[in-house]
Amino acid sequence: QVQLVESGGGLVQPGGSLRLSCAASGSIGSIYAMYWYRQAPGKQRELVAAITSGGNTNYADSVKGRFTISRDNDKNTMTLQMNSLKPKDTAVYYCNAGQVYWGKGTLVTVSS
C-alpha cells in the first residue's frame with residue numbers, strides 16, 4: 001500500500017512558477033510509472049506528465065516546454081516544476097503511482 005500526499009499548490013500570477021511535490025509513504029522504486037494529473041472546474045481529469053522509473057518522461061502538449069516532472073526513488077518523492085503558468089493551468093493537481101494509488105490533490109490557482 002502506498003499513500004501519496006501532494007504539496008506546493010497555491011495562488012500565483014500569470015507567468016509565475018510553482019513547484020509541486022508528491023511524497024509517498026512507501027517505496028516507489030518498484031513502481032514503473034508515476035504521473036501528475038489535473039482537474040479543472042467543470043472538466044474531466046487529464047494527464048499532465050508521466051515519468052518512468054528509468055527517468056523517461058512524457059508531457060501533455062499543453063504543458064510541454066513549461067513543466068518538468070522528476071522523481072527521486074531514494075527519497076520516495078516526485079515533483080512537478082511549473083513555469084510560465086497560465087490561467088488555464090488552474091486546477092487541482094493529483095499525484096498518481098502506477099495508475100493505482102492517488103493523492104488527494106493540491107489546488108493551483110493562476111490569476112492576477
Side-chain angles (χ1 to χ4, degrees):
Q1 186 77 11
V2 175
Q3 292 183 330
L4 304 172
V5 178
E6 302 94 337
S7 62
L11 173 64
V12 64
Q13 292 187 343
S17 298
L18 281 176
R19 184 177 180 87
L20 304 184
S21 296
C22 174
S25 62
S27 174
I28 64 171
S30 62
I31 297 176
Y32 178 69
M34 296 191 67
Y35 309 85
W36 284 101
Y37 283 82
R38 69 184 180 187
Q39 187 166 18
K43 296 189 176 182
Q44 290 187 331
R45 192 172 297 188
E46 65 174 354
L47 178 64
V48 176
I51 186 166
T52 68
S53 56
N56 293 318
T57 59
N58 194 26
Y59 298 92
D61 288 342
S62 59
V63 307
K64 278 182 182 176
R66 300 188 297 122
F67 291 11
T68 303
I69 188 173
S70 61
R71 66 190 279 180
D72 187 327
N73 293 332
D74 292 332
K75 295 182 178 179
N76 296 319
T77 57
M78 180 175 67
T79 61
L80 185 69
Q81 177 66 43
M82 306 186 295
N83 299 325
S84 301
L85 283 161
K86 305 175 182 181
K88 65 180 181 180
D89 295 317
T90 295
V92 177
Y93 284 72
Y94 298 90
C95 171
N96 175 281
Q99 297 288 14
V100 174
Y101 305 105
W102 289 91
K104 293 184 178 181
T106 184
L107 177 63
V108 172
T109 303
V110 184
S111 176
S112 55

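Heads up: numbering here begins at 1 and tracks the sequence. Given the structure is predicted, the values throughout are model-derived calculations rather than measurements.
Follow the hydrophobic side-chain contacts under 4.5 Å out from L47 and you never reach V100; the two are in separate clusters. Hydrophobic clustering of Ile, Leu, Val, Met, Phe, Trp and Tyr side chains at less than 4.5 Å, counting indirect connections, keeps M78 apart from V92. With hydrophobic clusters built from ILVMFWY side chains whose heavy atoms lie under 4.5 angstrom apart, M82 does not share a cluster with Y35.
Evaluation of the disulfide bond (SG atoms under 2.5 Å apart) test over residues 30-83, restricted to residues two or more places apart or in two chains, returns none. The salt bridge (charged side-chain N to carboxylate O under 4.0 Å, His left out) pairs that include a residue from residues 66-84 are R66-D89, where partners are two or more places apart or lie in different chains. Residue pairs satisfying the disulfide bond (SG atoms under 2.5 Å apart) criterion with at least one member in residues 33-80, sequence neighbours excluded, are absent. Sorted by first then second residue, the salt bridge (charged side-chain N to carboxylate O under 4.0 Å, His left out) pairs that include residues 54-64, not counting sequence neighbours, are D61-K64. Among pairs with a residue in residues 23-37, none fulfils salt bridge (charged side-chain N to carboxylate O under 4.0 Å, His left out), at least two apart in sequence or across chains. Sorted by first and then second residue, the ring-ring contact (aromatic ring centres under 6.0 Å, His included) pairs with a member in residues 82-112 read Y37-W102; sequence neighbours excluded. For the disulfide bond (SG atoms under 2.5 Å apart) condition, the pairs that include at least one residue of residues 73-110, sequence neighbours left out, are C22-C95. Contacts classified as disulfide bond (SG atoms under 2.5 Å apart) and involving residues 50-89 (residues at least two apart or in different chains) are not found. For residues 42-60, the set of pairs meeting the salt bridge (charged side-chain N to carboxylate O under 4.0 Å, His left out) definition, not counting sequence neighbours, comprises R38-E46.
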Without placing hydrogens or testing angles, list every side-chain donor-acceptor pair under 3.5 Å for residues 104-112, not counting sequence neighbours.
unit_1, atom_1, unit_2, atom_2, d
T106, OG1, G9, N, 3.2

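Considering only residues two or more places apart in sequence or on other chains, A60 meets the side chain to side chain contact (heavy atoms under 4.5 Å, CB included) condition with S62, V63. T57 pairs by the side chain to side chain contact (heavy atoms under 4.5 Å, CB included) definition with I51, Y59, I69, not counting sequence neighbours.
The structure places CG of N96 at 7.5 Å from CG of L4, a figure rounded to the nearest 0.5 Å. Atom OG1 of T68 and atom CG of L80 lie 8.0 Å apart (nearest 0.5 Å).
Looking at every heavy atom in both residues, T77 comes nearest to A23 through CG2-CA, 4.4 Å.
Here the side chains of T79 and R19 are in contact, with some heavy-atom distance below 4.5 Å.
Summarising the local packing, CD of Q99 is surrounded by more than 12 heavy atoms from other residues, nucleotides or ligands at distances under 6.0 Å.
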